[in-house]
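Below is one structure, written out as structure tokens; the observations come after it.
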Protein chains: 2
Amino acid sequence: MSLMNGNIIDGKAVAEQIRKEIAAQVVAMKEKYKRVPGLAVVIVGERGDSQTYVRMKQKACEEVGIASFGSSLPASASQEEVLATVRRFNNNPDVHGILVQLPLPPHVDEAAVLGAISLNKDVDGFHPFNIGRLAMKGREPLFAPCTPLGCIALLDRCGIDIKGKRAVVVGRSNIVGMPVAMLLNKRDATVTICHASTKDMEAVVRDADIVVAACGRSKMVKGSWLKPGAAVIDVGTNPTPDATKKSGFKLVGDVDFDEAKSVAGAITPVPGGVGPMTITMLLQNTVESGRRFFEGIALEDAKPV
Amino acid sequence: MSLMNGNIIDGKAVAEQIRKEIAAQVVAMKEKYKRVPGLAVVIVGERGDSQTYVRMKQKACEEVGIASFGSSLPASASQEEVLATVRRFNNNPDVHGILVQLPLPPHVDEAAVLGAISLNKDVDGFHPFNIGRLAMKGREPLFAPCTPLGCIALLDRCGIDIKGKRAVVVGRSNIVGMPVAMLLNKRDATVTICHASTKDMEAVVRDADIVVAACGRSKMVKGSWLKPGAAVIDVGTNPTPDATKKSGFKLVGDVDFDEAKSVAGAITPVPGGVGPMTITMLLQNTVESGRRFFEGIALEDAKPV
Ligand SMILES: NC(=O)C1=CN([C@@H]2O[C@H](COP(=O)(O)OP(=O)(O)OC[C@H]3O[C@@H](n4cnc5c(N)ncnc54)[C@H](OP(=O)(O)O)[C@@H]3O)[C@@H](O)[C@H]2O)C=CC1
Ligand SMILES: NC(=O)C1=CN([C@@H]2O[C@H](COP(=O)(O)OP(=O)(O)OC[C@H]3O[C@@H](n4cnc5c(N)ncnc54)[C@H](OP(=O)(O)O)[C@@H]3O)[C@@H](O)[C@H]2O)C=CC1
């Protein structure tokens with residue numbers, strides 16, 4: 001299976017390759033431990049997009065043999081009810097990963113809920129303890145966030161070197177920009193982190209061998225900004241009106257793809273680039289977590305802070 | 001009191017100014033709460049340099065009115081003994097900051113000991129939870145590491161803007177490079193993190209409005225690398241043989257000061273730049289911690305992970 005079409009990275013193909021490997025690992029674990037990894041997804045409220053994501057995650061679990069658990073609370077659920085749900089999954093030995101679908105309703109404290117997930121089961125890697133270890137030399141997080149892991153996996157699977165390269169990350173959110181910067185740093189890239197206060201972004205981006213765009217701004221990164229040959233990972237998924245689509249909109253990246261594809265050495269399309277990788281990395285983290293539990297090497301005292 | 005001599009930042013003068021403010025805060029706290037903040041320093045073994053640092057810290061505490069507690073264990077102390085000492089200070093209500101002098105003897109697990117310090121008393125800010133929050137948008141650490149805080153305080157006190165500026169940090173250690181990069185990012189600089197695998201460091205440094213050198217390599221950063229007018233914070237303290245000194249050595253920075261001072265807009269000397277700031281920020285963190293305890297706003301459940 002080819003993972004690139006010319007210089008265009010086929011995220012679907014990469015994701016498929018990794019999911020096949022994961023499915024084989026689950027078969028082997030079932031053989032060896034008579035158990036399979038389990039993922040629990042907590043959703044609060046009736047947002048259509050959130051429900052779609054949750055369904056996609058559960059379907060992906062089934063396809064690779066991971067047991068999937070769900071808890072759907074009404075938008076009116078109290079913070080204590082959400083916390084109780086998380087704690088129930090913390091104590092369930094068949095659950096090895098817990099994911100709370102964001103955003104939560106405004107009356108529920110996101111930091112408190114994410115902080116209540118057992119560190120051993122924080123397969124989203126959002127706990128400050130995991131982010132801290134990600135930023136630290138000589139320490140490893142129990143789990144790294146999935147979309148950032150997906151960006152790195154795309155580079156690795158397509159044979160793009162990271163060590164010693166200049167990398168520019170546009171965006172510094174807790175779920176994408178900052179952790180992807182930390183992962184690139186751990187892999188010995190020289191990383192620059194850009195954000196809304198960055199001046200002359202064009203000049204900054206032009207120095208980069210690797211660009212990760214995660215700013216949520218349609219087509220902001222222009223082809224003319226890129227160093228010829230640069231690898232471009234476009235995380236952006238900006239819904240844009242499109243009358244030709246049944247849904248009435250299409251997804252557009254943070255990079256001007258049409259311009260960039262003639263300059264970049266490798267580039268991800270939107271959709272079909274980073275998108276399929278996020279859930280794939282969630283499956284990978286869950287399988288790794290299950291393995292730690294089955295082998296008895298999960299942190300003994302991993303109470304959340 | 002002038003904080004700069006020409007373009008040379010007087011770290012001693014800045015530190016003195018801040019210590020006077022801290023002393024006044026301690027007086028006010030004593031008035032209001034009938035208590036003063038307390039700092040405990042744990043030292044294991046007989047290393048001369050460590051003992052000198054510990055004495056300096058205790059003397060600095062006395063000068064600003066902070067109560068100082070010490071525990072000196074022999075180099076042969078077991079890990080359990082070190083942990084027990086830390087726990088005793090965790091439970092002592094007169095102690096609001098705990099500092100373990102590094103390095104520890106090789107048979108003692110540094111991560112385990114640092115991780116045992118109550119988050120409420122981690123005035124060194126080295127706990128992964130604090131580093132994680134430092135890296136996260138919308139979250140604040142309970143404490144940030146002292147040397148990095150000192151670098152930022154020097155910039156602030158000398159009126160050097162950070163927001164929107166390009167900053168290059170040379171070094172990414174857990175105690176200096178990475179946290180200073182995270183602090184500069186929180187202050188909205190566009191930050192690049194360099195390390196031993198960085199290629200063409202000269203070109204990277206030349207883009208910087210603010211350079212923080214923390215690589216432990218004598219005079220590595222040359223004057224010719226700098227953008228004219230850049231602010232240069234030199235964290236390096238490299239002991240270098242010097243027959244004219246009583247001790248037989250002098251301290252040399254990571255920047256070639258003689259070359260750099262004619263190019264930089266502002267520059268710290270070594271010694272007398274960042275050096276005096278580290279202990280000053282430790283005092284500041286301890287006073288802040290004491291205030292949180294006296295006002296009852298210390299984290300309720302701040303058990304370490
Ligand atoms: N493919 C996938 O699986 C996923 C895709 N996404 C997509 O990735 C994109 C980013 O998501 P997320 O990180 O959550 O977004 P956030 O809105 O949380 O963060 C956006 C970041 O971009 C920065 N930014 C905003 N405007 C600019 C600008 N003009 N120039 C430079 N930087 C800017 C912000 O800077 P500042 O901090 O200064 O405000 C912020 O750090 C979105 O399009 C999102 O839909 C997200 C998650 C998963
Ligand atoms: N003034 C003060 O109060 C303090 C001063 N210091 C001083 O600051 C300096 C740094 O200390 P510390 O952070 O603990 O040191 P470390 O040795 O822990 O870290 C050094 C960092 O510099 C990087 N580095 C090493 N060589 C090079 C090179 N040739 N080019 C680019 N980067 C390089 C390393 O990269 P990599 O990660 O790739 O190995 C590493 O990240 C030392 O001189 C120390 O004495 C430290 C603490 C307090």
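Chain letters run A, B, ... following the sequence lines, proteins first, then strands; residues in each count from 1.
Proximity to chain A involves both the backbone and the side chain of B:Met136, based on heavy atoms less than 4.5 angstrom apart. Neither the backbone nor the side chain of A:Ala196 comes within less than 4.5 Å of any heavy atom in chain B. Of the two parts of B:Ala167, neither the backbone nor the side chain holds a non-hydrogen atom closer than 4.5 Å to a non-hydrogen atom of chain A.
With a 6.0 Å cutoff to the six-membered ring centre and a 45° limit on the axis angle, B:Lys121 counts as a cation-pi contact of B:Phe293.
Note that SG of B:Cys194 and CZ of A:Arg166 are 7.0 Å apart. Values are rounded to the nearest 0.5 Å. Rounding to the nearest 0.5 Å places CG of B:Leu99 at 4.0 Å from CG of B:Asp124. Taking CD1 of B:Ile162 as the start and CG of B:Asn185 as the end, the distance is 11.5 Å to the nearest 0.5 Å. Going from atom NE2 of B:His127 over to atom OG of B:Ser118 covers 9.0 Å, rounded to the nearest 0.5 Å. The CZ atom of A:Phe126 lies 9.5 Å from the CD1 atom of A:Ile117; values are rounded to the nearest 0.5 Å. Here the OG1 atom belonging to B:Thr192 is positioned 11.0 Å from the CG atom belonging to B:Leu184, to the nearest 0.5 angstrom.
Pairs passing the salt bridge (Lys or Arg N to Asp or Glu O under 4.0 Å) check and including a residue from residues 170-183 of chain A, sequence neighbours excluded, read A:Arg172-B:Asp188.
Of the residues considered (B:Gly138, B:Ala135, B:Gly132), B:Gly132 shows the highest number of contacts with chain A, using heavy-atom pairs under 4.5 Å. Of all the listed residues (B:Thr198, B:Val191, B:Asn130), the one sharing the greatest number of non-hydrogen pairs under 4.5 Å with chain A is B:Val191.
Heavy-atom neighbours of chain A within the stretch residues 146-161 of chain B, taken at a separation under 4.5 angstrom, are nonexistent. Along residues 199-229 of chain B, the residues that come nearer than 4.5 angstrom to chain A, judged on non-hydrogen atoms, are B:Lys199, B:Val204, B:Asp207 in order of number.
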Query raised in the report: Can you list the steps and then say if B:Gln101 with B:Arg47 is a side-chain contact (heavy atoms from CB on, under 4.5 Å)?
Result: CA-CA 10 Å; B:Gln101 184 65 43; B:Arg47 282 177 64 121; over 6 Å; no
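With a 4.5 Å cut-off on side-chain heavy atoms, B:Lys137 and B:Lys186 do not count as touching.
No donor-acceptor pair under 3.5 Å is formed between the side chain of A:Asn285 and the backbone N or O of A:Phe143.
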Atom pairs and distances, side-chain donor-acceptor, residues 107-114 of chain A, under 3.5 Å, sequence neighbours left out:
unit_1	atom_1	unit_2	atom_2	d
A:His107	NE2	A:Ala77	O	2.7
A:Asp109	OD1	A:Ala111	N	3.0
A:Asp109	OD1	A:Ala112	N	3.3

